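Written out below as structure tokens is the structure these notes cover.
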Amino acid sequence: MSLRDLMIQAAYLAASVFFILGLKSLSHPDKARRGMNQAAIGMLLAIVGTLANSGIVTYQWIIVGLIIGTLVGIPLGTKVPMTAMPQQIAISHGFGALAATLVGVNEWMVNGYGAGIDRGTMTALGFETLFGALTVTGSLMAFGKLQELLPGKPITWPLQNATSLGLLAAALGLFGWLIVNPANPVAFWAMCGVALLIGVLFVLPIGGADMPVVVSLLNSYAGLAAAATGFAIGNNVLIIAGALNGASGFLLSILMSKAMNRSFANVIFGAFGGETAGPAATSATGLSVRSVSPEDAAVQLAFASRVIVVPGYGLAVAQAQHVVQELAEQIEKRGGEVKYAIHPVAGRMPGHMNVLLAEANIPYDKLLDMDEINPLFDHCDVALVVGANDVVNPAARTDPSSPIYGMPILNVDKARSVIVLKRSMNAGFAGIDNALFYEPKTAMLFGDAKASLSRLVAEIKSL
Amino acid sequence: MSLRDLMIQAAYLAASVFFILGLKSLSHPDKARRGMNQAAIGMLLAIVGTLANSGIVTYQWIIVGLIIGTLVGIPLGTKVPMTAMPQQIAISHGFGALAATLVGVNEWMVNGYGAGIDRGTMTALGFETLFGALTVTGSLMAFGKLQELLPGKPITWPLQNATSLGLLAAALGLFGWLIVNPANPVAFWAMCGVALLIGVLFVLPIGGADMPVVVSLLNSYAGLAAAATGFAIGNNVLIIAGALNGASGFLLSILMSKAMNRSFANVIFGAFGGETAGPAATSATGLSVRSVSPEDAAVQLAFASRVIVVPGYGLAVAQAQHVVQELAEQIEKRGGEVKYAIHPVAGRMPGHMNVLLAEANIPYDKLLDMDEINPLFDHCDVALVVGANDVVNPAARTDPSSPIYGMPILNVDKARSVIVLKRSMNAGFAGIDNALFYEPKTAMLFGDAKASLSRLVAEIKSL
Amino acid sequence: MSFITVIQLYVFVLAAFVGFMVITRVPPLLHTPLMSATNAISGISLVGSLVAAGSGTHRISNILGCIAVACAMINVVGGFVITDRMLKMFRRKPDGARGGSATP
Amino acid sequence: MSFITVIQLYVFVLAAFVGFMVITRVPPLLHTPLMSATNAISGISLVGSLVAAGSGTHRISNILGCIAVACAMINVVGGFVITDRMLKMFRRKPDGARGGSATP
Ligand SMILES: NC(=O)c1ccc[n+]([C@@H]2O[C@H](COP(=O)([O-])OP(=O)(O)OC[C@H]3O[C@@H](n4cnc5c(N)ncnc54)[C@H](OP(=O)(O)O)[C@@H]3O)[C@@H](O)[C@H]2O)c1
Ligand SMILES: NC(=O)c1ccc[n+]([C@@H]2O[C@H](COP(=O)([O-])OP(=O)(O)OC[C@H]3O[C@@H](n4cnc5c(N)ncnc54)[C@H](OP(=O)(O)O)[C@@H]3O)[C@@H](O)[C@H]2O)c1
């Protein structure tokens, strides 16, 4: 091994260590930023190490690619609003997977269209193109659904699972054929095509609100594709980074499914979570709802000494994070205490609420996890529910026939009084009615969350 | 790669995974036993895999070795009392390190006394024999001190650090020479000899009570020796198991030093912790000690409703774990509540007290960590200190000139009353006086802990 | 299967272990930054892309490689920038600029 | 340094990471069993010892190997037996046999 090769390997090893340290630093918000800078340095090392590779003889294509990538990447990183995070991440996975796929295709093509490839390498290349290609189309579909370019509802068709399984079998069959005979263009291109199709058909039947689970799973696939690239070209940093991503994506999608109290299989094959649009299914049988004026709600909040804000998906939709902070400021000015109750699957992405509230400059020690905040509802004067619904639905505790039965929820119904901000009596993501809204202690303040909150702020100021 | 080799590699990979899972299972006592059984299966897999190796042609020597090892190992595992754990672990490290060293020496000898060895392999072999040899003698010395075959006191001599540094430099010089020229018997044997000597001289100046830190560090060295073997013979399971041990030993010795509020360097080079024998240095300047009769102490305990037992090294010396349990049973029978306060460095080994009390069938949820138990002393009627001293010394909180100042301690002085069982006014491991013993609320019950506890049990029964 | 592939398998398995252990320690508070961080790291495909784009033997490699480099670089740049943007927002206390809040 | 050595270095580094992360999660309650468990695992030197003891080329290998096998086996057997003996003792509630204690 030449000195140059040794230096390259050292750079790759250092990059791997930096990636691990970077992810490790995310275990604490105070260390996270520095850690991610380390990870970025690791990426730089990996790039520089690769450029020193003796196999690289021409640089103009590289430079063009790097410039384009940077020019697109910077606005993507700086301009995208926090509320659009899920779709941003989805489309990025698509890019990463496309890169892996193209590398695999190229590797196969330049080695005599498979003729110069042994079976071991072909196995790795096959994995790479298979996972890569289905991640590309899958991510695009997820992006489309999240950005609402495509209908968010699950799109189903007859014999749906049979088609999917058939395609999967076809892809695996072609893959097997390729391993036996790598120099088989028909099989190779057919496999790529089938993989692209699988990506589309795999995501179509999943509801828009379940997309975060899909995105996370695709992250895992993108990681596996990168690891397969590593096996194919014998590069350890690819294997390690790929394995890290694979583990992370897999774990997060499991965690999300669990927190939604659904099995992973149910998310992927259930075609659930599309009925968000219509009004609540089992609505209002003889129960009455008490609605409140902004003036009265403002008085209640102004004189409360303990307020807990419960943000949900509606906060993200209304982009109301900054107004919520202003309201809290007003309450605190008058001597009240404001805390935030963060349910693990509030919003549409793990950690969604935390990012939004952090954006509004709310210190993270006021954002309390479900386990920490639940005991505090007992001594809370007002629970202010801002666009949350399922995560505060007592049916999860009391009604065994409810689809969300068993999901841990925020005990908002234990608070002395509750104010709910939402636009209508429509259901949330799970499409079910919420008994909390009919309780005598609950007051509904209808309207867009941002508008209602602004009113509340104005009213409190003028008190 | 032949199918046989593939199977062997699969066995090694599985073994590595089992080892990791085994250690991971130790994060919870309920899962630990099953996890360690997995680790044992991993070891079995590694052995079977190795026996399938095509390089093995004769089995009689193997069988003899395995039989001897088993015959010695079983009584060592089943008969050694829990109180002798530190020395048992010390001597075991010696055996493991001897095996690694002999493998290294053999590898060097059969390859034409170094003539058939390239520099890379020589580097690995050198590490292996160096770390292995010094661990062998170091472990034997540690065993000797713990078993009190050798004087526990630090043995120092003029120019001690200079000699040690000189020897270390000599070993490294010889090692470097060997890498340049592996076929150099003089350098090889000299290096082995120097390494053996370093092991002895490294442990001699360390006090007997500091041995656990040394044992842990030697565990780390034994791990590194095993990992080096892995590099030398190209075996991954050795590398992985070695790295696991290296990390574990290193981490534990750091944790121990920290909990003793001493720097790692101070433990290794400080020649501290030998003055255990004599009476307390700054003893009794005008203060008086109140001694109590077993009868009076028994009455106090029998009518207490909250008792916290604080075990220390004296409990291990007296082997009083079973009697302590009997006493607790008596108190509980009379309606009192008994908890145990476990300081992280009580005793002479991390987790020492936990093992002893678990041996006496005390459920582990009654053994509370320092952070958990400290707030409970405020509401405790009697704190029963059984052979503990330094870990309850308030000087750690109050006296900046004390050698243990800053070490976190158990707040025994916050209890309503304190009974201390020890044989005399002698100091503990740190060799310093303890103001707790002179406080008005403290009563001393002099005598061997086991004898005193038996008296207490008898007295309570007869009340 | 060569011996090198076998060791690479060890690397993969160990890295997956590290991944699982590291990720389980990330609090829900930081799950969104975690997603974008792994997204950025998955731009490591760049390594393979650069080799293809810089190859001197086939024009097709240059073209496919160039596209791959661009895609992976979007991932890297976008991912790290956005992660940093998010993490910058997480603070224990609000910064001095906002004078309103009553809690010290 | 060969490419294989380089990958082995990766294996070592990753395993050390795994080790650190696994060990930091072991509670003080189980530190003594941990010490004896790692002690048992360090008997893995057995793998190298077996190869030496079974070699067909040098008598000295057989002899040194035989001693090494015995030593490593002491480690393995003693270590696992004693760890299990300790872990067996850790229970949440005392077993039925001891009827004395008042707490349920
Ligand atoms: N976080 C994740 O990782 C994740 C991933 C996938 C799925 N999910 C699921 O998403 C759900 C999250 O629960 P959630 O309570 O946060 O949300 P939710 O149950 O979906 O309810 C959101 C509510 O916000 C209201 N809303 C929408 N836009 C609004 C606006 N502009 N102003 C005011 N209110 C508005 C809606 O009522 P109106 O229409 O009446 O206004 C709706 O009832 C859970 O069921 C969870 O399982 C979460
Ligand atoms: N746990 C670890 O990992 C570790 C490792 C290394 C060092 N250390 C050090 O060890 C010390 C541990 O503190 P500790 O409070 O447990 O012990 P200690 O401070 O060493 O005190 C033990 C006390 O027990 C008494 N004792 C001895 N034999 C006895 C018997 N048969 N019956 C009754 N009493 C007896 C002794 O007093 P008499 O002689 O008067 O009876 C002595 O004062 C700390 O300083 C710690 O830093 C701990």
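What you see is a predicted model, and the numbers here were worked out from it, not measured in a lab.
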Region of Lys31(A) that comes under 4.5 Å of a non-hydrogen atom in chain C: neither
Donor-acceptor contact below 3.5 Å, side chain Arg25(C) vs main chain Lys24(A): no
Chi angles and distances behind the side-chain contact (heavy atoms from CB on, under 4.5 Å) call for Met109(A), His58(C): CA-CA 10 Å; Met109(A) 283 170 77; His58(C) 294 78; over 6 Å; no
Separation between OG of Ser248(A) and CG of Leu34(C), rounded to the nearest 0.5 Å: 4.5 Å
Main chain of Leu64(C), side chain of Asn106(A): is a donor-acceptor contact present, judged purely on distance under 3.5 Å? no
Please evaluate residues Ile47(A) and Val47(C) with respect to the criterion side-chain contact (heavy atoms from CB on, under 4.5 Å), reporting the C-alpha separation (whole Å), side-chain torsions for both, the decisive distance (0.1 Å), and the verdict. CA-CA 6 Å; Ile47(A) 295 174; Val47(C) 166; 5.9 Å; no
The interface call for Leu255(A) against chain C, heavy-atom contacts under 4.5 Å, is side chain
Evaluate Leu244(A) against Thr38(C) for side-chain contact (heavy atoms from CB on, under 4.5 Å), listing each step before the verdict. CA-CA 8 Å; Leu244(A) 290 175; Thr38(C) 54; over 6 Å; no
Any side-chain heavy-atom pair of Met256(A) and His31(C) under 4.5 Å: no
Distance from Ser36(C) atom OG to Met36(A) atom CE, nearest 0.5 Å? 7.0 Å
Quick check on Pro29(A) against chain C: is it the side chain, the backbone, both or neither that has a heavy atom closer than 4.5 Å? both
Calculate, to the nearest 0.5 Å, the distance between atoms CZ and NZ belonging to Arg85(C) and Lys79(A) respectively. 9.0 Å
Look at Asn39(C), Ile4(C), Ile60(C), Leu46(C) and state which one has the largest set of heavy-atom pairs under 4.5 Å with chain A. Asn39(C)
Taking all heavy atoms of Cys71(C) and all of Ala99(A), pick out the closest pair and write down the distance. CB-CB, 4.2 Å
Per-residue tally against chain C (heavy atom, under 4.5 Å) across Gly351(A), Ala226(A), Gly246(A), Gly65(A) peaks at Gly65(A)
Which atoms of Leu224(A) come close to chain C, meaning under 4.5 Å heavy atom to heavy atom: side chain ones, backbone ones, both, or neither? side chain
Proximal component of Phe231(A), with respect to chain C [non-hydrogen, under 4.5 Å]: both
Could you state the interatomic distance from CE (Met349(A)) to OG1 (Thr32(C)), rounded to the nearest 0.5 Å? 3.5 Å
Side chain, backbone, both or neither: which part of Ala32(A) has a heavy atom under 4.5 Å from chain C? both
By a 4.5 Å heavy-atom criterion (distance strictly below it), what part of Asn37(A) contacts chain C: side chain, backbone, both, or neither? side chain
Count the heavy-atom pairs under 4.5 Å between each of Gly78(C), Ala16(C), Gly54(C) and chain A, then report the option with the highest count. Gly54(C)
Taking atom OH as the centre, does Tyr113(A) end up with more than 12 heavy-atom neighbours from other residues, nucleotides or ligands that are less than 6.0 angstrom away? no
Part of Leu66(A) within contact of chain C (heavy atom distance under 4.5 Å): both
Tell me which of these, Ile68(A), Leu98(A), Asp369(A), Ile240(A), has more heavy-atom pairs under 4.5 Å with chain C than the rest. Ile240(A)
Part of Leu26(A) within contact of chain C (heavy atom distance under 4.5 Å): both
Applying side-chain contact (heavy atoms from CB on, under 4.5 Å) between Leu23(A) and each of Ile41(C), Val18(C), Val26(C), report the one that passes. Ile41(C)
Verdict with supporting geometry, Val69(C) and Trp61(A), side-chain contact (heavy atoms from CB on, under 4.5 Å): CA-CA 9 Å; Val69(C) 167; Trp61(A) 297 93; over 6 Å; no
Ile82(C) side chain near Leu76(A) side chain, heavy-atom distance below 4.5 Å: no
Under 4.5 Å from any heavy atom of chain A, what part of Ser42(C) do you find: side chain, backbone, both or neither? both
When the 4.5 angstrom heavy-atom criterion is applied to Leu367(A) and chain C, the contacting part is side chain
Would you call Leu51(A) and Leu50(C) a side-chain contact if the rule is heavy atoms closer than 4.5 Å? yes
Heavy-atom side-chain proximity of Val215(A) to Met35(C) below 4.5 angstrom: yes
Nearest heavy atoms of Val355(A) and Pro33(C), plus distance in Å: CG2-CD, 3.9 Å
Out of Thr229(A), Leu71(A), Thr70(A), Asp118(A), return the one with the most heavy atom pairs under 4.5 angstrom to chain C. Thr70(A)
Against chain C, label Asn219(A) side chain, backbone, both or neither, depending on which of its atoms sit under 4.5 Å from a heavy atom there. side chain
Rounded distance [0.5 Å steps], CG in Asp84(C) versus CZ in Arg34(A): 13.5 Å
At a 4.5 Å cut-off on heavy atoms, which part of Thr50(A) comes close to chain C: side chain, backbone, both, or neither? side chain
Winner by heavy-atom pair count (cut-off under 4.5 Å) against chain C, out of Leu251(A), Ile63(A), Val72(A): Leu251(A)
Tell me, do Ile62(A) and Cys66(C) make a side-chain contact under 4.5 Å, heavy atoms counted? no
Applying a strict 4.5 Å limit to non-hydrogen atoms, the region of Met43(A) in contact with chain C is side chain
Under a 3.5 Å distance rule, please check whether Ser49(C) uses its side chain to pair with a backbone N or O of Ala100(A) as donor and acceptor. no
So Tyr364(A) and Phe90(C), would you call those rings parallel, tilted or perpendicular, with 30° and 60° as cut-offs? tilted
Heavy-atom cut-off 4.5 Å, strictly under: side chain, backbone, both or neither for Phe20(C) against chain A? both
For the atom pair CD1 (Ile67(C)) and CZ (Phe95(A)), what is the distance rounded to the nearest 0.5 Å? 12.0 Å
Atom group of Thr57(C) that falls short of 4.5 Å from chain A, counting heavy atoms: neither
Between Val81(C), Asn75(C), Thr83(C), the one whose heavy-atom pairs under 4.5 Å with chain A are most numerous: Asn75(C)
May I ask you to name which of Asn236(A), Val64(A), Thr78(A) has the most heavy-atom pairs under 4.5 Å with chain C? Thr78(A)
